[in-house]
Amino acid sequence: MIDDPFELNDEPAFEPAPVAPQAPPPWLSGLNPEQAAAVKTTEGPLLVLSGAGTGKTRVLTTRLAHILYQRLAPPWNVLAVTFTNRAAKEMRERLGAMIGPVSEQVWLGTFHALGLKMLRRHCDLVGLRSGFSILDTDDQNRVLKGLMELAHIDTKKWPPNIVMGAIQRWKDRGWTPDAVPPHEVGDIADGKALELYGAYQKRLIEVNACDFGDLLLHVLTIFQAEPGILAEYQARFRYILVDEYQDANVSQYLWLRLLARQHKNICCVGDDDQSIYSWRGAEVGNILRFEHDFPGANIVRLERNYRSTPAILGAASGLIRNNATRLGKDLRAAGSLSQETGDKVTIHGVWDGEAEARWVLDTAQSLQRNGARLSDMAILVRAGFQTREFEERFITTGTPYRMIGGLRFYERAEIRDAIAYVRLLSQPDDDLAFERIVNLPKRGLGDASVQVLHLASRAQGMSLLNAARTVLDTDELKPRARNSLRTFVEDIDRWATLRTTMPPAELVATVLDESGYLAMWKADKAPEAPGRVENLQELVSALEDYTDLQEFLEHIALVMENDTRAGVEDAITLMTLHAAKGLEFDHVFLPGWEEQVFPHRRALEGGLSALEEERRLAYVGLTRARRRAFVSYAGSRRVFNQWHSNPKSRFVDEIPAEFKEEDGEMGLTAGSHGMSESYSTWNGGWGKPSGKGTGWERRKAEEKAGQNWQVAKREPSKSGFARGDRVFHQKFGYGEVIAAEDDKLQIAFDKAGQKKVMAGFVKPADEV
DNA sequence: TCAGAGATGTTTTTT
DNA sequence: ACATCTCTGA
């Protein structure tokens, strides 16, 4: 980083503040009194409780500008921390627009990016060498799995990702392996999780890598061990700003507290009602405890909402009022939309997920006919799997859309392979990269050969690549494998030399070509192979923007940008509720408001606090809407090829009646005769797996067997079928009716599993 | 060593 | 339904 003030011996001269002008500074105009207070209270700790749509970002950027304009500190003595890259980028842009290029000098970024910036500077203190890799989830699990196998821990019984989750949570709490309290260890991995954590950390150092949690944890370790370094940062950061404080985990909190200790000018902005990341270690407690943690703190509440209509706000407020643990805060409509109540939240029931997608798109089109643009609309789903039906609908109707989230470009196998090549070039110790590509494309270096290298590597305490060099001088490998390995090592060395002279894009293109990796995919006849070749080409063109390979590697590790066709002019947005935080749209669709989907099944198992977090998520969803919100729920839904019938979400009922209108369809209207009730009791809520179910379906079925099988008693419906009837379907074969509503039947087919079909498609089995 | 078949687990949310 | 992992025989 060339612009890093830390690297400069002489920081630019800094002019002290001029005599304060008489008139209020122009950048404060247009702020309401609370916002102005939040901007002007620069000294001492300050907590800004800012509800949805109350101008939080504006306050943050104005506050930054205020500090800089008033010459309270030079930009390089100001730290601004965000949670997401998007927020960091937005703040950077808005700040740049206000104060110009000097904004570049502010320490502004995500916790992880800033942690990395610090860690890069002092990495030797924790045993890392410069250019260390940052592992993604997949790498992490691989490392851990290897260690578990070494320790003879059953990876079937204890899946590495579960164990990794435990380790991650420890890291989130700021615990290094020697700091984990014994009573926190539990029985994960047969009680060996802590040992694994230690081994994992050791292994990461060996391969010169760290994971996301380490970006902060290592810095904390350094601060602890080196008071001089800590003091340097403490002196540096005269003003600290923190966005989305409710999302900070303990290690982030500790990091902030240490940095703020000297000047104590820390301003945290957050909203306890929008805390939706506790599963990732975020501690709402941080925000609730602020006054205690930072004595003498001021608190400012922003409750004037400039975003939404009173109806939307009424719906959202009514909903969130059902949460017991909150600071309590009521949004008032204050913006241009506050004059009229606005349209009520539409609640709409549909038959299944497909019908839901159809209804949403139809509604979107009619809004469009009334002058709305697609780019003013968003569909916000609870979980990734819900996007599928919408995407299909987008494609069949030719509706332009952009999706945020889902599969990330840099997580695709071919991209990770290509990156592994690059990583190995810039970092010969990266055993993970070595292992990944040593036999890719096939070089006749299979498990047996790699095993030999591992032994040599362990025996001599060196990386796999270096161990390979020594093995080449022995006869441990058969000539065939040895020659192949020699070629590979020589290739790596040659490319590593090119690295210093060749631009990154050209280098990667060369490596992919000469290694035969690209050719491997070109020769592959699998239907997805051409797409992979395309992705690799895209990778090379993405590299054109970089002159420094290391910078590129960091970029893709930290900035997992994930916005398909961001440039599309007028497109509807599809994303998860989590991804939507901080955004706003005129019209918001909120599909899948069914029990088990939203609130999510896992949350329902997780007790009250998990349920409240789901409710906050619903609150976030509703408050994204400026003008209209459309909530929908489906009578049945297919998840993993398995039909489920769930009652509509409790959150629907929690929206006050005066702010919603339910337009039912097919007898699904709430409170009307029967349908939703009968749904809730079908199979106790979850479909019965038929035949050979897989995974949790099977387990779920076993759990449920014999209990909870209250099935609605039904008279034969008007179709003439009733529960228990044997039927025959042209395509699915024989089956048994599980439930019937008018002419819609839920049938467990002997072979084809559980499906819902219209009565017209089946005959009584005895008539066939 | 490897290709293909079969079994298995996955899906909440993200830096 | 999907992708990935594991096993098997050539």
Side-chain angles (χ1 to χ4, degrees), chain A residues 81-88 109-116 134-138 140-142 145 155-156 159-162 165 168 171-172 210-216 244 247-249 251-252 275-282 380-388 404-408 411-413 439 441-451 478 480-481 484 524 526 528 554 556-562 575-581 592 596-606 610 613-614 616-617 620-621 638-642 692-699 753:
Chain A
V81 196
T82 67
F83 203 67
T84 64
N85 290 304
R86 192 183 63 211
T110 64
F111 278 103
H112 292 91
L114 292 164
L116 172 62
I134 301 164
L135 303 189
D136 61 20
T137 318
D138 200 61
Q140 294 181 52
N141 287 335
R142 267 169 216 267
K145 190 173 178 217
T155 53
K156 289 264 166 56
N161 58 334
I162 300 289
Q168 214 111 250
K171 289 193 174 188
D172 287 341
C210 70
D211 64 20
F212 274 106
D214 287 336
L215 293 178
L216 286 162
E244 307 278 16
D247 288 334
N249 63 33
S251 93
Q252 289 161 339
S275 164
I276 54 176
Y277 283 108
S278 74
W279 52 274
R280 221 173 80 183
L380 309 181
V381 296
R382 174 63 184 89
F385 72 83
Q386 290 172 264
T387 58
R388 196 190 195 105
I404 298 171
L407 289 174
R408 295 183 180 85
E411 279 175 356
R412 291 160 205 261
N439 201 29
K442 293 277 165 4
R443 298 187 174 88
L445 298 167
D447 286 348
S449 308
V450 172
Q451 212 48 47
K478 297 203 184 82
R480 206 186 167 84
S484 184
D524 197 312
E528 78 275 10
E554 270 172 20
I556 62 178
L558 287 181
V559 188
M560 298 256 227
E561 242 164 65
N562 193 12
M575 64 183 141
T576 65
L577 286 159
H578 282 85
K581 193 168 66 154
Q596 311 281 352
V597 175
F598 190 35
H600 193 272
R601 175 177 131 259
R602 292 269 285 263
L604 290 170
E605 290 161 5
E613 179 147 321
E614 293 288 291
R616 291 194 291 268
L617 202 47
V620 167
R638 191 168 50 181
V639 186
F640 310 149
N641 201 28
Q642 194 62 230
K692 43 189 195 256
T694 55
W696 56 266
E697 282 305 336
R698 202 162 40 222
R699 260 170 272 132

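The figures here come from the full heavy-atom set of this structure, side chains too, leaving out hydrogens, waters and symmetry mates. Residue numbers begin at 1 in each chain, while the letters A, B, ... track the order of the sequences. All of these numbers come straight from a predicted model, not from anything done at the bench.
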Mind checking side-chain contact (heavy atoms from CB on, under 4.5 Å) for A:Thr387 and listing every partner two or more places apart, or none if nothing turns up?
A:Val381, A:Glu391, A:Met403, A:Leu574

With respect to the side chain of A:Asn439, which nucleotide from B:dT1, B:dC2, B:dT14 is positioned closest?
B:dC2

Nucleotide of B:dT15, C:dA1, C:dT6 approaching A:Lys145 most closely (side-chain heavy atoms)
C:dT6

With sugar-phosphate meaning primed atoms plus P, OP1 and OP2, does A:Lys171 contact a base, only sugar-phosphate, or nothing at under 4.0 Å between heavy atoms?
nothing

Listed pairs, N/O of protein and of nucleotides 3-7 of chain B, under 3.5 Å:
none

Identify whether a stacking contact exists between A:Phe111 and B:dT15, where the ring centres must be under 5.5 Å apart and the planes under 30° apart.
no

With A:Asp247 as partner, the option from A:Arg616, A:Lys581, A:Arg280 fulfilling salt bridge (charged side-chain N to carboxylate O under 4.0 Å, His left out) is A:Lys581

d(CZ, A:Phe83; P, B:dT15) in whole Å:
8 Å

Starting from the 5' end of DNA chain B, give me the residue, A:Gln168 or A:His600, whose nearest nucleotide shows up first.
A:His600

Has A:Arg86 got a side-chain atom pairing as donor or acceptor with A:Ala579's backbone, closer than 3.5 angstrom?
yes

Protein-nucleotide distance (A:Phe212, atom CZ; B:dT14, atom C1'), rounded to Å
9 Å

For B:dT14, does OP1 or OP2 lie under 4.0 Å from any side-chain N or O of A:Thr576?
yes

When the C1' atoms of B:dT11 and C:dT6 are considered, how many whole Å apart are they?
22 Å

Flag, side chain of A:Gln252 to backbone of A:Phe111, donor-acceptor distance under 3.5 Å
no

Expressed as a whole number of angstroms, how long is the span from A:Lys478:NZ to B:dT1:P?
7 Å

State whether the side chain of A:Asp214 and the backbone N or O of A:Asp211 hold a donor-acceptor pair below 3.5 Å, judged by distance alone.
yes

Donor-acceptor pair (no angle test) under 3.5 Å: A:Arg280 side chain, B:dT13 base
no

Between CG of A:Asn161 and P of C:dC5 the distance, given in whole Å, is 12 Å

Among B:dT1, B:dT13, C:dC2, which nucleotide sits nearest the side chain of A:Arg388?
C:dC2

For A:Arg388, all residues meeting salt bridge (Lys or Arg N to Asp or Glu O under 4.0 Å), sequence neighbours excluded:
A:Glu392

To the nearest Å, how far apart are A:Lys581 NZ and B:dT14 C1'?
11 Å

Inter-nucleotide C1' distance (C:dT4, B:dT13), Å rounded
23 Å

Whole-Å gap separating C1' (C:dC5) and CG (A:Asn141):
14 Å

Interatomic distance where CD1 belongs to A:Ile404 and C1' belongs to B:dT13 [whole Å]
15 Å

Spacing of A:Glu244 atom CD relative to B:dT14 atom C1', expressed in whole Å
13 Å

Determine whether A:Gln386 and A:Val597 satisfy the following criterion, side chain to side chain contact (heavy atoms under 4.5 Å, CB included), listing intermediate values before the conclusion.
CA-CA 9 Å; A:Gln386 290 172 264; A:Val597 175; 4.0 Å; yes

Which sits closer to the 5' end of DNA chain B, A:Ala603 or A:Ser449, going by the nucleotide each is nearest to?
A:Ser449

Residue A:Arg602, side-chain heavy atoms: nucleotide from C:dA1, C:dT6, B:dT11 that is nearest:
B:dT11

Side chain of A:Pro159 (C-beta onward), nearest among B:dT14, B:dT10, B:dT11
B:dT10

What orientation do A:His578 and A:Trp279 show, parallel under 30°, tilted 30 to 60°, or perpendicular over 60°?
perpendicular

Need one value for A:His112: base, sugar-phosphate or nothing, where a base atom within 4.0 Å counts as base even if backbone is also close, heavy atoms only.
base

